[in-house]
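The structure appears below as structure tokens.
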Number of protein chains: 2
Amino acid sequence: MTTHFMIRVQTARDADELSRQERKVSEFVLSAPEEAMRLSLARLAEAVGVSEPTVLRFCRKLGCANLQEFRIKMASAEAIGLPATHAEIAPGSSMADIAARVLDFSVSNLDNLRRQIDTDALQRIVDLLIGARSIHFWGNGASGIVARDAQQKFPLFGIPCLAETDSHQILINASTLSARDVVVVFSNTGRNSTMMPSVVAARANGASVVVVTSNSGSPLARAASLACCVPTLDNTDIYTPTISRIAALCVVDMLAIAVAQTRDSLACRKIKTMKETIVNVFRDDSSSPHGNE
Amino acid sequence: MTTHFMIRVQTARDADELSRQERKVSEFVLSAPEEAMRLSLARLAEAVGVSEPTVLRFCRKLGCANLQEFRIKMASAEAIGLPATHAEIAPGSSMADIAARVLDFSVSNLDNLRRQIDTDALQRIVDLLIGARSIHFWGNGASGIVARDAQQKFPLFGIPCLAETDSHQILINASTLSARDVVVVFSNTGRNSTMMPSVVAARANGASVVVVTSNSGSPLARAASLACCVPTLDNTDIYTPTISRIAALCVVDMLAIAVAQTRDSLACRKIKTMKETIVNVFRDDSSSPHGNE
DNA sequence: TCAAAAACGTAGTATAGCTACATTTCGAAG
DNA sequence: CTTCGAAATGTAGCTATACTACGTTTTTGA
């Protein structure tokens, strides 16, 4: 994957991978990436103050076969808004830096998700949800947010839904389930130990349990009827934004759309009517889970 | 912006902007974009079955000064995936299509946000939050999710926080506020009419009210002490994923990071300790708003 | 201090991109 | 149907580009 080319350039500079002249090239590239990818070899060498072969040697050290490939990787990195420096946010950053890096990190992650997500697993989940008598969304902490979001969406397609974020309530909920009920558990690590007894209880009662997690080999994933892996770039630094919520929210969107699509168009018309009603009553579509709120 | 280049190619083909031979080029480009941007002029012309100048004329018609620029735009477009205009999801799409488009749309939006966000406004909000005695997050519907998310984060920096998502509770909450209290209202449209009385009441009591919205000219934005505009690409179609939550969640991250950074490092150490504790107790950092959940 | 190795630049070559111009194709008027 | 003109397309040739082989300089370590 070519996702983090600018970071590759930076680490190459910071580590001792580059020679003195090559480092001059890397500094120019980092400070003026737009120019660097548009200039010809001769002009780039002149701008940096080194010879043409040195620039080429620099490109090769970064894993590019030739200047063309270097330019393509630069263009990709710039398009995706990759951070000029680390994705981790250094103390003392300006507001503009913080904003750029939070967004860069989020975009990189979604881009990553796009390439890795298991759509077959998603389809199997959709099949389960469509046949469900009721859907129960469980999640603690930040995953509780995702559960609530899902709960706001799905009832509109005509399926009764519940969201629980309290471990005790979740266990109580689990004991009330039976066959044709479907549980969707959100847990990024897949190691939420308080969740496990509830998953076991739910399955013992005949309910299907889907786990959405970033770790397909985790205990919860193994305990589930069906697991969907949502890979996230690991970064445990304190300043790192919590990306997995966002990835999980996107997954909720995908599932909701797929379910809506499969259900008859009547349901869709219902939603449209409801949305318009909400807009008219509140003069604010923020109350609709399907508004752009 | 060069975000939508592939769509530009497609519309050029579908409209009658291209000659017969040039259309052959466009078809090759659309069917094999990776190849098209890596091949040399001669090889590309050969692969398409036209002469070199025809390929160049094709590039020019698409607004590229030369082949280099064409390649850079291709690389950018490929990196960012399909553009937003194409992201509306047609009924009958496959799961893979749905997943790709939800993510493409989210990425396009965050990319857009990245270019437009008002970091000065954010900084002013941070200044307010740092001086706050307590912080109150308000939001209805999908914005309620965002409010809850914020409420999970900020107490860790040592600031007492409350999230309210019920209009009546919000109004009650508003009447209890005084100077040095800060309210953060989330409303994508900025037209949540039920929110207005509460905003007025809060300000009458001397509290500061910040509104995070996509519409800087909206009633709520005008009624606020401080407004932060979070632009989102409009798309009211039923299948459109609700992007603004995601954008708003990113804004919450930015604010949280900026506040954490400004507070003394003691607070940061506290969070680290807390996070470790949670991991040890629950064997799952999903319970921590700062875990990668 | 000296020799080996790495770094770097010079100069030369093949090729890539680009342009001016010739040829062909197509459409409309006679 | 023929003829003329304009648009479309290809040919051929020029310039600058990317890349390489080799020679020079600098650095390194004994």
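Chain naming here is simple, since letters A, B, ... match the order of the sequence lines and numbering starts at 1 in each. These figures come from a predicted structure and were not determined experimentally.
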message = For chain A and DNA chain D, what are the first and last nucleotides along the strand, 5' to 3', with at least one atom under 4.0 angstrom from a heavy atom of the protein chain?
response = D:dT17 to D:dT20

request  = Send over the distance from B:Leu44 CG to C:dA16 P, rounded to a whole Å.
outcome  = 12 Å

task = Return the minimal non-hydrogen interatomic distance between A:Thr119 and B:Met95, and the atom names on each side.
result = O-CG, 3.4 Å

key: Protein-nucleotide distance (B:Arg20, atom CZ; C:dT24, atom P), rounded to Å   = 15 Å

message = Using the side-chain heavy atoms of B:Leu56, tell me which of these nucleotides is nearest: C:dC18, C:dG17, C:dA7.
response = C:dC18

message = How many whole angstroms separate atom CZ of B:Arg60 from atom P of C:dG17?
response = 12 Å

Result block: side-chain N/O donor-acceptor pairs under 3.5 angstrom for residues 56-66 of chain B, not counting sequence neighbours:
residue, atom, partner, partner atom, Å
B:Arg60, NE, B:Ala65, O, 3.0
B:Arg60, NH2, B:Ala65, O, 3.4
B:Lys61, NZ, B:Glu17, O, 3.3
B:Lys61, NZ, B:Glu22, OE1, 2.8
B:Asn66, OD1, B:Gln68, N, 3.3
B:Asn66, OD1, B:Glu69, N, 2.9

task = Using salt bridge (charged side-chain N to carboxylate O under 4.0 Å, His left out) as the criterion, list what pairs up with B:Glu34, not counting sequence neighbours.
result = B:Arg38

request  = Please report the shortest heavy-atom distance between B:Thr189 and B:Thr213, naming the atom on each side.
outcome  = C-OG1, 3.7 Å

query = Roughly, in whole Å, what's the span from CD in B:Glu69 to C1' in C:dC18?
reply = 15 Å

task = Look at A:Ser51 and C:dT10 and indicate whether a side-chain polar atom (N or O) is within less than 4.0 Å of OP1 or OP2.
result = no

inquiry  = Between P on C:dA16 and CZ on B:Phe70, what's the gap in Å once rounded to a whole number?
reply    = 17 Å

inquiry  = Mind checking if B:Arg71 touches a base, just sugar-phosphate, or nothing, with heavy atoms under 4.0 Å?
reply    = sugar-phosphate

query = B:Cys229 and B:Ser214: which non-hydrogen atoms are nearest, and at how many Å?
reply = SG-O, 3.5 Å

request  = Figure out the CG/P separation between A:Leu41 and C:dG17, and round it to whole Å.
outcome  = 14 Å

ask   = Looking at A:Gln21 and A:Gly49, what are the two nearest heavy atoms and their distance?
value = NE2-O, 4.3 Å

inquiry  = I want to check something: taking the side chain as every heavy atom from C-beta on, are A:Val146 and A:Val251 in contact at a cut-off of under 4.5 Å?
reply    = no

query = What's the CZ-P distance between B:Arg43 and C:dT15, to the nearest Å?
reply = 10 Å

query = What is the distance from CD of A:Gln68 to P of C:dT15, rounded to the nearest Å?
reply = 15 Å

